[in-house]
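Just follow the structure's listing: the first ligand is 1, and inside any ligand the first atom is 1. No hydrogens, no waters, no symmetry mates; every other heavy atom, side chains included, goes into these values.
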Amino acid sequence: MSRRRQIYEGKAKILYEGPEPGTLIQYFKDDATAFNAQKRGVISGKGVLNNRISEHLFTLLGGIGIPHHFIRRLNMREQLVRQVEIIPLEVVVRNVAAGSLSKRLGIEEGTPLPRTILEYYLKDDTLGDPMVTEEHIACFGWCSQEELADIQDLSIRINDFLTGLFAGIGIKLVDFKLEFGRLWEDDWSRVILADEISPDGCRLWDMRSGERLDKDRFRRDLGGEVEAYQEVARRLGLLPEGQETAIFDIDEARKARESR
Ligand code: UDP
């Protein structure tokens with residue numbers, strides 16, 4: 001990995017220069033952070049699972065016509081993606097009250113929302129990703145009105161698709177975070193889905209037991225993080241019975257090889 005030029009290191013991923021112009025390699029780490037990085041930890045094996053889960057979800061979304069940055073998975077922890085200019089907004093889609101919405105507005109966690117809510121947060125760690133409105137977005141020009149309309153349209157389509165997909169495997173998609181980027185082609189650009197979709201940025205509740213199968217296990221010290229992520233992968237058909245350990249053995253073997 002040291003051979004490649006690192007473009008950016010985030011909390012859970014590293015971006016390296018890709019093999020061709022206009023491409024990047026997205027490396028999934030095991031590092032976990034919460035509460036604006038005030039809580040830090042390592043969830044061993046998380047990166048492997050998120051890489052695989054995100055690949056699967058992006059591929060399915062591509063199949064229904066959602067434009068996205070994913071090109072192909074390269075190995076257990078890396079995927080090749082299109083280089084985009086990231087729009088500095090985190091788009092949160094909510095179907096059920098939880099997390100900051102419940103806290104801020106005093107709505108009991110688990111209350112179904114009568115309509116889907118889209119929220120926008122400015123991607124700025126130093127400010128703690130503050131929530132912003134469409135007025136702020138327009139005023140400060142973080143994206144154009146046309147781009148925002150595309151973001152809203154894509155977010156709702158993604159939500160409809162993923163809600164059904166997860167419901168089919170007994171999981172309630174409570175809320176999730178999306179990021180979008182501009183893909184430049186000559187002197188015009190279009191908005192495409194970027195980043196990742198994984199249990200790190202979604203709330204996924206088992207429909208029967210209500211068990212949390214997402215990063216809230218880490219945020220709330222519930223334990224069993226990797227088992228929960230594995231369960232999501234297993235239900236998505238990505239982890240046939242008995243392969244839970246094999247996936248990590250391969251990864252460990254690769255790491256050992258690379259360190260030699
Ligand atoms: N989320 C995320 N990154 C962030 C903030 C939120 O991926 O920096 C996701 C989070 O996992 C959840 C949804 O967005 O699925 C809504 O999060 P919320 O606003 O409730 O914030 P939280 O209380 O989780 O920090």
Side-chain angles (χ1 to χ4, degrees), residues 8-13 26 28-41 43 46-47 49-51 53-54 57-58 61 69 86-113 115-133 136 142 151-152 154-156 158-159 161-163 165-167 171-181 193-207 210-222 225-226 228-229 231-232:
Y8 171 80
E9 176 155 12
K11 291 171 210 145
K13 291 192 293 296
Q26 190 162 248
F28 288 75
K29 301 193 282 185
D30 284 344
D31 298 357
T33 60
F35 313 119
N36 199 30
Q38 284 168 35
K39 180 179 168 111
R40 289 170 185 274
I43 304 173
K46 171 174 83 78
L49 289 160
N50 282 353
N51 186 20
I53 292 170
S54 197
L57 298 179
F58 272 64
L61 287 168
H69 75 159
I86 286 287
I87 293 169
L89 297 172
E90 296 194 343
V91 180
V92 169
V93 185
R94 298 184 185 273
N95 299 307
V96 176
S100 67
L101 176 92
S102 292
K103 207 170 154 193
R104 210 176 50 246
L105 303 179
I107 298 168
E108 194 183 345
E109 282 213 313
T111 309
L113 299 172
R115 49 171 284 172
T116 296
I117 295 176
L118 294 186
E119 292 174 351
Y120 312 98
Y121 295 83
L122 179 65
K123 265 172 75 70
D124 188 324
D125 284 339
T126 55
L127 297 175
D129 294 347
M131 183 150 77
V132 295
T133 68
H136 297 109
W142 293 315
I151 287 172
Q152 290 165 343
L154 289 169
S155 299
I156 294 299
I158 293 165
N159 183 48
F161 180 79
L162 292 183
T163 300
L165 177 81
F166 280 114
I171 293 174
K172 195 189 284 182
L173 180 59
V174 170
D175 56 33
F176 60 101
K177 186 259 297 180
L178 297 172
E179 293 187 26
F180 295 89
L193 178 66
D195 193 46
E196 70 179 294
I197 305 179
S198 73
D200 265 9
C202 301
R203 280 198 173 88
L204 303 169
W205 294 357
D206 180 74
M207 278 181 166
E211 193 188 353
R212 289 159 194 266
L213 303 172
D214 55 58
K215 208 168 86 174
D216 270 351
R217 301 206 73 83
F218 171 74
R219 290 191 191 97
R220 300 177 186 198
D221 293 320
L222 298 174
E225 291 91 345
V226 87
Y229 284 45
E231 179 61 14
V232 174

> Does K13 have any side-chain hydrogen bond (donor to acceptor under 3.5 Å, both in side chains) partners at least two apart in sequence or in another chain, and if so, which?
Replying inline: D195, E196

> Can you list the residues that meet the side-chain hydrogen bond (donor to acceptor under 3.5 Å, both in side chains) rule with D214, with sequence neighbours excluded?
Replying inline: none

> Hey, is atom 6 (C) of ligand 1 touched by any protein heavy atom at less than 4.0 Å?
Replying inline: no

> Among R94, K103, K172, R212, which residue meets the salt bridge (charged side-chain N to carboxylate O under 4.0 Å, His left out) test with E109?
Replying inline: R212

With atoms numbered from 1 as shown, which atoms in ligand 1 lie under 4.0 angstrom from a non-hydrogen atom of [X]?
X: R203; result: 12 (C), 15 (O), 16 (C), 17 (O), 18 (P), 20 (O), 22 (P), 23 (O), 24 (O)
X: G99; result: 20 (O), 23 (O)
X: V92; result: 14 (O), 16 (C)
X: Y121; result: 19 (O)

Checking contacts here: is it the side chain or the backbone of [X] that comes within 4.0 Å of ligand 1, counting heavy atoms only? Could be both or neither.
X: K215; value: neither
X: C202; value: backbone
X: D175; value: both

> Is there a donor-acceptor contact under 3.5 Å linking the side chains of N159 and T163?
Replying inline: yes

> Does any N or O atom in E119 lie less than 3.5 angstrom from one in ligand 1, N or O only?
Replying inline: no

>> For K11, I'd like to know if atom NZ has over 12 heavy atoms of other residues, nucleotides or ligands within 6.0 Å.
In response: yes

Closer than 4.0 angstrom, basic N to acidic O: yes or no for [X] and [Y]?
X: R217; Y: E231; result: no
X: D200; Y: K29; result: no
X: K46; Y: E225; result: no

Does [X] have a heavy atom less than 4.0 Å from any atom of ligand 1?
X: K103; value: no
X: D216; value: no
X: F35; value: no

> What are the two closest non-hydrogen atoms of L89 and V132, and how far apart are they?
Replying inline: CD2-CG2, 4.1 Å

> Nearest protein heavy-atom contact for atom 11 (O) of ligand 1: which residue, which atom, what distance?
Replying inline: R219 NH2, 2.8 Å

